[in-house]
Each structure stands twice: as C-alpha cells, then as structure tokens.
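Here the structure is laid out as structure tokens; the discussion comes afterwards.
In the text below, chain A, chain B and the rest are named by the order of the sequence lines, each starting its count at 1. For the numbers below, each heavy atom of this structure counts, side chains included, while hydrogens, waters and symmetry mates do not. Source: prediction; values computed, not measured.
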Amino acid sequence: MLLQNQSPVLRPQTTAHLAQTMSLLELTSGELKQRIESAIASNPALELVEETRCPQCHRILPPRSLCPICSRPNPISSDQPIVFISPRSIIMDFEYDGSESDNSQEDWATETENLPTFVFRQIAPELAVEDRHLAAHILSCIDEDGLLTVPPIEIARYNHITLERLHNVISLIQHAEPTGVGSPSPQAALLVQLDVLSETHNVPKLAYEAVKQGIDLLSRHAYHELAKVLNISKTEAQRIAQFISENLNPYPGRAHWGDIHQCGEAPHTYQNPDIIITQYSDDPDARLIVEILAPFSGSLRVNPLFQKALVEAPADKINEWQTDVEQATLLVKCLQQRNHTLVRLMQVLVVLQRGYILHGDSFLLPITRASLAEELGVHESTISRAVSNKAVQLPNKRIISLSKLFDRSLQIRTALKEIIAHEAEPLSDTIIADLLLNQGFPVARRTVAKYRSMEGILPARLRITNKIYQENP
DNA sequence: CTATGGCACGGATT
DNA sequence: AATCCGTGCCATAG
C-alpha cells in the first residue's frame with residue numbers, strides 16, 4: 001500500500017518536493033506558522049499531534065522523542081553542541097490589545113523587518129482607526145537607519161490625503177521609541193530628539209539652533225565656523241557638539257540593533273528569534289544548546305485515520321482525498337527536510353563560530369556560505385536560503401540576524417573601531433590599513449575608508465585629537 | 001604631495 | 001541572471 005501510494009506521488013513531484021523544501025527553508029518561524037496554519041485549515045489530512053514534555057526539565061518536545069538535553073549521559077562539556085528542533089512556540093504574537101484585526105495588520109506583521117512593528121505597537125493606541133493603514137504605509141517606507149526615505153508628498157498623494165494629516169501621523173511616529181524614527185533626514189531626527197529631551201533634561205539653549213542651522217558644520221566638526229554662525233566662542237560650540245553627539249542619534253534605527261548598551265534583560269527587540277542559543281552552565285567550556293524554534297507546539301503529521309479512510313472513500317471524493325493526502329505527505333516531508341537541514345547547518349556553524357557566540361564581535365570568523373555548503377554537501381543556494389531572513393538569539397540575549405555569522409567584514413570593522421577608539425591622534429586610512437595588516441587583516445586602504453563610513457566614523461582630518469568614545473564594552 | 005571620495009570591474013551572494 | 005561588496009584607479013581637496 002505504501003508503495004502504491006508513494007511512487008505515483010513522489011516520482012512526478014520530486015521537483016515540487018525540492019521546490020517546496022527550498023521555499024520552506026527560507027521562511028521565518030513566524031512565516032512558517034502562517035504557512036502551516038493555512039495548510040491545516042485547508043487540508044483535512046493534516047493533523048497536529050499533541051506535545052509532550054520532558055519529565056525532568058519540562059521542555060516541550062516532539063511526541064515520542066527523548067529530551068535532547070536531559071538524555072545525554074554527559075551534557076556538561078563537549079565540543080559538539082546540542083542542536084534540536086524545539087516545538088515550544090514563544091513566537092510571534094503580533095496582536096496588541098486593541099481591537100485591531102483588519103487587513104492592515106497582515107501588511108506589516110508578516111514583514112521580517114520589525115522596527116516598523118515595534119513602532120506601530122507603541123502608537124497604535126493613539127492612532128485613529130482610519131490612520132492605521134496610513135501609519136503602516138509610512139512605517140514600511142522607513143530604511144534601516146530609521147529614516148523616512150520617501151518624500152512625504154509622495155505618500156500623501158499616494159494615499160490621497162492632505163499633507164497636514166500625514167504630518168500628524170509622522171509626528172506621532174517620530175515621538176515613539178526610538179525617538180526621531182521616521183524623520184525625513186538626520187537633521188529632523190535630531191530636532192525631534194532635542195524636543196523630547198528638553199521635556200525632562202536640561203538642554204543647552206543653542207543646541208536647537210546648532211542643529212537647525214549648522215547641521216553640516218556639525219557633521220564636519222567645523223567648530224570655528226559653527227561658533228561664528230551661532231555667535232559664540234569655539235569652546236562653547238565644542239561643548240554643544242559634544243552634548244549632541246553624546247545624547248542624540250541622527251540615525252534612530254541604528255541604536256537598538258547592534259549596540260550593547262543595555263546588558264540587562266532583553267529589552268524590546270525588533271525581531272523575534274528563529275533560533276535560540278543558550279549555554280548549559282556558566283562554565284565557559286560548557287556545551288552550547290541550540291534550539292531551532294518550531295512555530296507550534298506539538299508536531300505535524302499526516303492523520304493516520306484519514307489515510308485509512310482513504311480506502312473506503314466515497315467515489316466522488318476519492319480524488320480529492322487522495323490529493324489531500326499527497327499534499328500533506330509532501331508538506332510533512334518538506335518540513336522534515338527543512339528541519340534536518342537547519343539542524344545540520346547549525347551544528348557546524350555553532351562549532352565554527354563558538355568564539356563569536358560567546359565572546360562577541362571581534363571573534364567572528366569570516367566564513368563563506370560556499371565553504372559551509374561544501375562541508376555539508378549541499379548546494380550553496382540552500383545555505384543562502386536557510387540563512388537569510390532568520391534571527392538568532394545568542395546566550396547574552398542579543399538577537400542578531402543569522403547572516404551576521406557570515407559577515408566577512410564585521411571582525412575587521414570591530415578591529416577598526418578598536419584602533420580608532422584607542423588612537424592617540426587621528427590616524428590616516430593608510431596607517432590604519434597597515435595596523436590591520438599587522439593584526440592579520442589584509443585590507444586595502446580603500447576598504448578602510450568604506451568601513452569607516454559604514455561605522456559612521458569621520459575621516460582622520462576631521463576627528464578630534466583625543467575624542468572620548470561613549471561606547472565601551 | 002597626501003588623504004579621501006567617486007566610479008567601475010570582478011568575484012561572491014542570492 | 002541580477003545584485004552586492006571589496007578593490008583598484010583617478011580626480012579633487014587640503
């Protein structure tokens with residue numbers, strides 16, 4: 001019966017199988033959840049079986065499986081991490097208490113970019129119902145820096161509304177966390193931040209003017225000119241500049257993503273993890289535990305009862321039922337394939353990047369997707385798909401994009417930041433390139449320049465001699 | 001003359 | 001096949 005069933009199913013659909021596995025691979029757990037929910041809703045042959053729990057640690061487990069952690073004889077230290085699919089679903093609850101449930105929610109909730117979601121949640125209560133769609137639209141236009149790149153007029157025209165109404169909504173967005181998000185320019189973001197800051201803190205009187213009139217001077221560190229414009233002394237100007245660079249952020253979107261300024265519990269993070277890495281104990285040699293989050297508790301399978309019933313199916317239904325079973329089988333298989341791939345991927349990856357996972361940016365090894373693909377014996381595009389769009393939570397509670405583990409330049413960029421942070425006097429790009437070479441990073445001078453601008457570091461000429469850097473790990 | 005930013009090419013990524 | 005990123009070459013600013 002099995003053969004009868006499967007050969008006609010699998011042979012013609014091998015390509016479909018492959019294609020579906022691929023498409024499942026690149027899904028976030030949240031997206032996967034939706035995908036599976038809709039599949040279950042439309043296909044009676046699919047069944048979600050109940051979860052079980054490990055008697056010792058109460059982890060939720062797939063049915064009939066042993067707890068991957070408690071069942072290990074020696075779980076404490078080993079090079080090999082424990083990697084497993086964890087059906088606990090701490091995932092993606094985009095609902096906020098409002099009575100919101102219309103289509104605009106889908107628009108943004110399914111996006112993998114979560115800064116918009118984060119902001120939307122905050123402003124939702126204050127938002128008029130008819131402006132929700134508008135807010136979602138605006139938020140979707142925000143770039144990684146948290147700035148609104150599309151000119152407001154275009155948005156207004158597109159939605160057929162007045163500029164005034166648009167500006168009301170934008171202003172609401174700007175005053176949400178991170179303050180200034182959704183501003184059309186760094187300058188506007190700074191102004192909003194000053195505005196908010198002045199309600200609770202003592203803001204230098206001229207800071208506002210400095211930003212308003214001297215934004216370009218400020219960014220070039222041209223203090224004498226700034227002083228002239230504001231009609232104050234140069235040291236005054238420097239003080240104001242200092243205040244601004246310490247308290248304001250021209251790119252509101254960058255603040256929360258990478259930096260480690262809050263070490264406590266994870267604050268609002270913009271992205272829900274797909275993978276969670278924890279340490280078994282405080283021992284630095286302790287084994288790493290990698291949980292790949294499945295989007296539902298329990299596990300998915302083809303309903304055996306339905307399959308049995310197939311034999312006695314009424315004549316008019318038999319075709320329909322048959323395809324249901326076929327599709328269900330396919331989906332389950334693809335899902336297993338996805339999980340299998342992810343597990344193997346993480347197993348290798350975690351071993352390789354252990355240093356980074358435990359000790360931070362400067363230990364990141366430059367791994368290429370291609371090399372990993374070779375090691376695993378899969379096509380590189382498979383890795384590429386598996387890696388994209390996924391977020392991973394590290395033991396220190398930071399959530400980063402999985403693709404960061406493949407970032408060839410991060411290690412160098414942190415080294416570069418180190419150098420500049422500790423420099424006694426501004427070093428030119430050429431010298432920095434040499435220093436990096438000594439540390440084992442052969443980078444071109446030109447590239448140093450690029451990394452600098454990436455990190456928002458000014459050219460040597462414009463740096464102050466003994467600049468104090470706020471961000472120190 | 002030196003330090004940088006812009007443009008374009010080749011390899012990696014998707 | 002389209003796109004992104006590191007790099008080399010050249011023009012420009014100081």
Can you give the first and last nucleotides of DNA chain C, 5' to 3', that have an atom under 4.0 Å from a heavy atom of chain A? C/dG6 to C/dG14
Starting from [atom2] on [N], measure out to [atom1] on [X] and report it in whole angstrom.
| X | N | atom1 | atom2 | value |
| --- | --- | --- | --- | --- |
| A/Arg369 | B/dA12 | CZ | P | 13 Å |
| A/Leu27 | B/dT14 | CG | P | 17 Å |
| A/Ile420 | B/dT4 | CD1 | C1' | 14 Å |
| A/Ile457 | B/dA3 | CD1 | C1' | 16 Å |
| A/Lys390 | B/dT14 | NZ | C1' | 14 Å |
| A/Leu458 | B/dG5 | CG | C1' | 14 Å |

Touch check for [X], heavy atoms < 4.0 angstrom, all strands: base, sugar-phosphate only, or nothing?
| X | value |
| --- | --- |
| A/Ser428 | sugar-phosphate |
| A/Ser409 | sugar-phosphate |
| A/Arg446 | base |

Assign each of A/Arg445 and A/Val448 the nucleotide of DNA chain C bearing its closest heavy atom; nearer the 5' end lies the nucleotide of A/Val448
A/Tyr451 to A/Ile412 - nearest heavy-atom pair and separation: CE1-CG2, 3.8 Å
Of all heavy-atom pairs between A/Met346 and A/Leu402, which one has the smallest distance, and what is that distance? SD-CD1, 4.3 Å
Show your reasoning for whether side-chain contact (heavy atoms from CB on, under 4.5 Å) applies to A/Leu358 and A/Phe363. CA-CA 9 Å; A/Leu358 294 177; A/Phe363 294 86; over 6 Å; no
Considering only heavy side-chain atoms of A/Ser384, the closest of B/dA8, B/dG5, B/dT14 is B/dT14
Which nucleotide, B/dA8, B/dT4, B/dT14, lies nearest any side-chain atom of A/Lys450? B/dA8
Between A/Thr368 and A/Leu427, just flag the one whose closest nucleotide in DNA chain B comes earlier from the 5' side. A/Leu427
Counting just side-chain N and O atoms, does A/Arg452 come under 4.0 Å of either OP1 or OP2 of B/dG5? yes
Kindly say if A/Arg408 contacts the phosphate of B/dA12, meaning a side-chain N or O under 4.0 Å from OP1 or OP2. no
Validation row: A/Leu394, A/Val392 side chains within 4.5 angstrom (heavy atoms): yes
Test item: side-chain donor near acceptor, A/Ser388 and A/Glu26, under 3.5 Å: no
State, without any angle test, whether A/Ser409 and A/Asp407 hold a side-chain donor-acceptor pair at a distance under 3.5 Å. yes
In terms of heavy-atom contacts, does CD of A/Gln439 have more than 12 from other residues, nucleotides or ligands at under 6.0 Å? yes
